[in-house]
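Accompanying notes for the structure given below.
By convention in this document, chain letters (A, B, ...) are assigned in the order of the sequence lines, proteins followed by strands, and residues within each chain are numbered from 1.
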There are 2 protein chains.
Amino acid sequence: MTKARKALLELLKESKEPVSASMLSGDPALPFDQATIYRNLHYLEEQGFAESFILHCTEHGTERYYSYLSRGEGVHHHWFHCEKCHKFIDLGGCAYQEQMKEWEQKYGFIITEHTFFLTGICASCKS
Amino acid sequence: MTKARKALLELLKESKEPVSASMLSGDPALPFDQATIYRNLHYLEEQGFAESFILHCTEHGTERYYSYLSRGEGVHHHWFHCEKCHKFIDLGGCAYQEQMKEWEQKYGFIITEHTFFLTGICASCKS
DNA sequence: ATAAATTTGCAAATGACTTGCAAAAATGCC
DNA sequence: GGCATTTTTGCAAGTCATTTGCAAATTTAT
Ligand SMILES: [Mn+2]
Ligand SMILES: [Mn+2]
Ligand SMILES: [Zn+2]
Ligand SMILES: [Zn+2]
């Protein structure tokens with residue numbers, strides 16, 4: 001584990017919501033080149049320390065968002081993203097494992113990944 | 001409706017699976033500039049004739065895929081994408097409307113959109 | 001048809017992400 | 001620790017889907 005990787009993982013672990021490379025790149029705790037950030041996000045994901053999804057929002061464009069994964073234990077979470085304030089709301093751990101199994105049976109394919117998230121206006125931005 | 005828009009809509013309507021701008025741009029039935037393709041895909045989506053989602057596949061990169069929507073009637077579909085042969089498999093009409101309502105109640109937010117799709121290896125590529 | 005409004009093609013720009021390469025840091029071994 | 005080997009980093013340039021400005025062409029309104 002290099003200094004950059006430790007710092008990145010630490011930030012991901014602390015973060016309450018998914019973060020993008022540009023957000024991480026701007027953090028003073030991560031004084032690394034953007035190439036290093038990108039390379040290490042890939043590294044952490046491929047090592048099972050993080051997972052990601054691509055989300056497009058009008059204001060910030062299309063970006064990949066990463067979140068921490070405690071290796072082995074537990075399932076990943078799904079998220080709601082507010083298009084106004086850009087906060088993510090945790091919808092809780094993935095409850096689709098069964099459904100995935102059923103689809104694999106029904107269609108004969110192997111699911112390596114599923115992407116699910118919501119976008120809209122959060123409760124506070126609504127009012 | 002301009003010539004370009006009619007042609008685009010026609011292709012989307014015929015297509016059995018979601019298509020990306022680059023796929024459409026390569027089609028002889030659409031002898032239009034890529035800017036026109038992109039602009040009109042936006043137009044068709046904003047008019048409710050199409051919907052789209054962004055999908056990343058190792059081989060083809062990150063692209064937005066569009067599919068036809070018959071305005072008013074019926075729900076959109078969700079898809080499985082094979083990372084080997086790049087075919088999409090239709091998982092049927094969206095069955096999450098209820099779930100969305102419940103989440104809106106529970107969290108107080110308004111869902112304007114949900115993204116859901118699967119990736120993996122299809123039955124034929126498996127063998 | 002004619003004028004006004006919208007769309008198109010072209011070429012250049014954008015922005016997230018990637019890559020080659022030489023220098024710097026981490027790792028393995030004594 | 002010290003030294004050789006492997007991996008990672010910073011920098012700068014590149015890639016690629018998508019966007020944009022603008023003048024010409026097409027569509028729409030009258
Ligand atoms: Mn946002
Ligand atoms: Mn593909
Ligand atoms: Zn909000
Ligand atoms: Zn396949």
Looking at the rings of [X] and [Y], which for Trp means the six-membered one, are their centres under 6.0 Å apart?
X: A:F88; Y: A:Y65; value: yes
X: A:Y107; Y: B:F80; value: no
X: B:H76; Y: B:H114; value: yes
X: A:H81; Y: A:H60; value: no

Please state how far atom [atom1] in [X] lies from atom [atom2] in [N], giving the value in whole angstrom units.
X: B:K3; N: D:dT28; atom1: NZ; atom2: P; result: 13 Å
X: B:L30; N: C:dG9; atom1: CG; atom2: P; result: 11 Å
X: B:Q34; N: C:dT8; atom1: CD; atom2: C1'; result: 13 Å
X: B:L44; N: C:dT7; atom1: CG; atom2: C1'; result: 13 Å
X: A:K6; N: D:dT9; atom1: NZ; atom2: P; result: 11 Å
X: B:Y43; N: D:dT20; atom1: OH; atom2: P; result: 19 Å
X: B:H56; N: D:dC16; atom1: NE2; atom2: P; result: 13 Å
X: A:Q47; N: D:dT8; atom1: CD; atom2: P; result: 10 Å

Practice task
Answer yes if the side chains of B:E63 and B:S22 hold a donor-acceptor pair under 3.5 Å, and no otherwise.
Solution key: yes

Exercise for the section: State, without any angle test, whether B:S52 and B:E45 hold a side-chain donor-acceptor pair at a distance under 3.5 Å. Expected result: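 Looking only at side-chain atoms, B:E45 and B:S52 do form a donor-acceptor pair, the distance falling under 3.5 Å.
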
Problem - Degree of bending in the helix from C:dA1-D:dT30 to C:dC30-D:dG1 once both end axes are built from five pairs, to 10° - result: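 Here the helix ends are tilted 50° relative to one another.
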
Completion exercise
Walking DNA chain D from its 5' end, the first of A:F32 and B:E63 to be reached, judged by nearest nucleotide, is A:F32

Fill in the blank from the handout: DNA chain D nearest-nucleotide lookup for B:H60 and A:T2: closer to the 5′ end is A:T2

Handout entry: Within 45° cone of A:F53 ring axis and under 6.0 Å: A:R64 NZ or CZ
Key = no

Check this one for me: any side-chain N or O of [X] less than 4.0 Å away from OP1 or OP2 of [N]?
X: B:Y38; N: D:dT19; result: no
X: A:R39; N: C:dT18; result: no
X: A:R5; N: D:dT8; result: yes

Exercise for the section: Name the nucleic acid region contacted by B:S20, choosing base, sugar-phosphate or nothing; use a 4.0 angstrom heavy-atom cut-off, strictly under. Expected result: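 Contact class for B:S20: none.
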
Practice task
Determine the contact category for A:H42: base if any of its heavy atoms lies under 4.0 Å from a base atom, sugar-phosphate if only primed atoms, P, OP1 or OP2 are that close, otherwise nothing.
Solution key: sugar-phosphate

Handout entry: Which nucleotide in C:dT7, D:dA12, C:dC17 has an atom nearest any side-chain atom of A:D33
Key =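 Nucleotide nearest to A:D33's side chain: D:dA12.
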
